[in-house]
There are 2 protein chains.
Amino acid sequence: MSTQSAVATQPDTKQRILDAAERLFAHEGYNNTSLRAITGEADVNLAAVNYHFGSKEALLEAVFQRRLVPLNQVRRERLEAVREASQREGRPPGARETLAAFIEPTLAFRESAAGAGEFSNLVGRAIIDPDDTVRKIFLHHIEPIFQLLFDTLREALPDLPPEKLFWRVQFSLGAMGHTIHMRATGDDAQKNGKFKCLPHGIISSCDAASMTDMLLTFITAGMEAP
Amino acid sequence: MSTQSAVATQPDTKQRILDAAERLFAHEGYNNTSLRAITGEADVNLAAVNYHFGSKEALLEAVFQRRLVPLNQVRRERLEAVREASQREGRPPGARETLAAFIEPTLAFRESAAGAGEFSNLVGRAIIDPDDTVRKIFLHHIEPIFQLLFDTLREALPDLPPEKLFWRVQFSLGAMGHTIHMRATGDDAQKNGKFKCLPHGIISSCDAASMTDMLLTFITAGMEAP
DNA sequence: GTATGTTTTATACACCCGTTTGAAACGTTT
DNA sequence: AAACGTTTCAAACGGGTGTATAAAACATAC
């Protein structure tokens with residue numbers, strides 16, 4: 001009785017907190033985002049976070065939970081589709097299609113749910129974030145699907161020793177996380193000259209689709225290297 | 001008169017602060033390291049940092065300065081050696097030797113100066129650190145040598161459009177930074193189960209030399225992809 | 001309309017941060 | 001020994017943090 005009315009009653013404050021937290025965590029990082037900034041942006045009282053979620057860390061957990069569960073389900077389905085196709089046709093799965101099954105949903109997801117774009121930035125940040133809190137929570141959520149990716153890649157590249165495969169996957173994650181993060185902070189940074197590294201200052205193909213294509217080409221080649 | 005005696009007199013406190021800061025910045029990150037932690041580890045008074053360096057940010061700058069200037073000189077020499085050899089022999093420079101000229105000195109440097117190992121961890125962190133303070137100072141130091149790397153790679157891969165080259169270099173930096181950071185925090189993390197991602201829990205070839213070799217193989221293949 | 005449970009609000013708490021200050025300790029020079 | 005510039009020290013400042021609390025506002029049920 002209490003729970004029912006509660007769920008029906010609470011209009012959006014929990015949602016608004018999640019949205020604001022997602023955006024700020026992705027943009028500023030977990031440690032650099034204060035609860036006051038979140039509640040200010042969400043236009044709710046400061047104490048609302050601790051009331052609805054318990055703590056700042058639990059809020060981060062909830063932010064991940066909301067998006068990562070459906071996202072991982074899509075990844076799982078695509079990865080298993082790759083495996084089944086390979087078994088049906090009696091060939092090992094392709095490295096690129098395996099990696100794409102893991103990476104592309106993040107992109108597609110980006111344009112599906114409104115505001116989910118911020119989340120994929122958060123994921124990119126979470127992969128490489130030096131902070132332990134973020135990594136710990138994120139890894140816990142992604143571990144099973146990561147295992148499936150690893151297993152499928154083992155079939156795709158049977159000649160590669162598992163240790164090497166492990167590190168090559170890490171290389172790929174690093175490249176992916178760094179790139180997403182650059183894109184995330186780069187939108188406003190382009191004007192501030194953050195991309196000075198590029199000699200002649202022109203970055204044309206910065207859209208998500210071509211980025212993913214470039215990234216996949218890069219890490220697939222690295223993965224298939226002798 | 002004042003400066004001379006000052007340089008001769010001050011025994012080691014500036015040095016000790018630099019060492020402690022280097023270690024802690026590399027291990028915990030810039031934002032997560034307090035001046036009290038640094039001065040505590042260096043066994044100096046809290047005010048010593050602001051007295052000798054002016055501010056926490058200036059201390060970070062000094063930490064980079066101390067190691068990055070000689071390191072970049074080595075990188076520059078090696079990159080120019082690659083270019084001269086290619087010109088002398090009338091062939092384009094090799095992608096791998098170019099990348100090695102940039103990456104390997106960090107490794108060699110690691111085993112040269114005592115305690116410099118911490119620094120290469122800091123560099124790895126700086127590459128991917130989402131925090132603006134760290135990135136800004138680091139990029140400022142590395143920009144000229146980065147430009148040289150880029151130009152040499154342009155010669156090594158003349159058919160690759162500059163935009164693609166730019167992003168592939170970014171992929172490489174991301175892979176490199178993430179890997180160094182994993183190694184840095186992984187030493188004690190291995191016991192704490194941080195490497196759960198690896199299925200059967202065995203990470204044998206984790207030494208710096210074979211890591212560098214694997215990384216170079218990976219990013220060279222990615223760089224040379226069609 | 002009163003009672004009950006849920007949510008919001010304002011305020012306060014304890015803690016940690018980077019930085020500043022003014023006096024004490026030190027070493028060197030005259 | 002006296003004077004001076006340099007370095008150390010303990011203490012405090014102002015500000016920001018996550019969290020806790022008690023009263024107020026609200027919605028629902030009897």
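As a basis for the values below, the full set of heavy atoms in this structure was taken, side chains included, without hydrogen atoms, waters or symmetry mates. Reminder, nothing fancy here: chain letters follow the sequence lines and each chain counts from 1. Only a predicted model underlies this, so the values are computations on that prediction, with no experimental measurement involved.
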- Message: Applying side chain to side chain contact (heavy atoms under 4.5 Å, CB included), can you list everything that pairs with A209(B), at least two apart in sequence or on another chain?
- Response: D207(B)
- Note on the structure: Here the distance between atom C1' of dT21(C) and atom CG of N50(B), to the nearest Å, is 12 Å
- Query: With respect to the phosphate group of dT8(D), does any side-chain polar atom (N or O) of T13(B) fall under 4.0 Å of OP1 or OP2?
  - Reply: yes
- Query: E57(B) CD to dG18(C) C1': how many Å, rounded?
  - Reply: 12 Å
- Note on the structure: side chain to side chain contact (heavy atoms under 4.5 Å, CB included) filter on N45(B), not counting sequence neighbours, yields A47(B)
- Note on the structure: Whole-Å distance, Y51(A) OH to dT8(C) P, equals 7 Å
- Message: Quick check on the helix from dG1(C)-dC30(D) to dT30(C)-dA1(D): what's the angle between its two end axes, five base pairs per end, to the nearest 10°?
- Response: 20°
- Message: Can you confirm whether the side chains of H141(A) and E61(A) place a donor and an acceptor under 3.5 Å from each other?
- Response: yes
- Task: Report the distance from atom CZ of F119(A) to atom CZ of F64(A), rounding to the nearest 0.5 Å.
- Result: 6.0 Å
- Item | Closest-nucleotide 5' rank along DNA chain D - winner of G54(A) and D43(B) | D43(B)
- Task: Could you pull out all residues at least two apart from E77(B) that satisfy side chain to side chain contact (heavy atoms under 4.5 Å, CB included)?
- Result: Q73(B)
- Task: Select base, sugar-phosphate, or nothing to describe what A48(B) touches, counting heavy atoms under 4.0 Å on all strands.
- Result: nothing
- Can you tell me how far P of dT8(C) sits from CG of D12(A), to the nearest Å? 9 Å
- dG18(D) phosphate, OP1 or OP2, under 4.0 Å from S55(A) side-chain N/O: no
- Task: Report the residues that fulfil side chain to side chain contact (heavy atoms under 4.5 Å, CB included) with E104(B), sequence neighbours left out, ordered by chain and then residue number.
- Result: R78(B), A100(B), T212(B), L216(B)
- Query: Distance check: side-chain N/O of H52(B) vs OP1/OP2 of dT6(D), anything under 4.0 Å?
  - Reply: no
- Distance, rounded to the nearest Å, where L60(A) contributes CG and dG18(D) contributes P: 13 Å
- Message: Please enumerate all residues that pass salt bridge (charged side-chain N to carboxylate O under 4.0 Å, His left out) together with R76(B), with sequence neighbours excluded.
- Response: E80(B)
- For DNA chain D, what residues of residues 30-38 of chain A have any heavy atom nearer than 4.0 Å? T33(A), S34(A), L35(A), R36(A)
- Message: What is the separation between atom CG on L46(A) and atom P on dA12(C), rounded to the nearest whole Å?
- Response: 14 Å
- Task: Using the test salt bridge (charged side-chain N to carboxylate O under 4.0 Å, His left out), find all partners of E41(A) that sit at least two apart in sequence or belong to another chain.
- Result: R23(A)
- Between CZ of F53(A) and C1' of dT7(C) the distance, given in whole Å, is 14 Å
- Task: Sequence neighbours left out, what passes salt bridge (charged side-chain N to carboxylate O under 4.0 Å, His left out) with D19(A)? Give chain and number order.
- Result: R66(A)
- Message: Does dA10(D) have its OP1 or OP2 closer than 4.0 Å to a side-chain nitrogen or oxygen of N45(B)?
- Response: yes
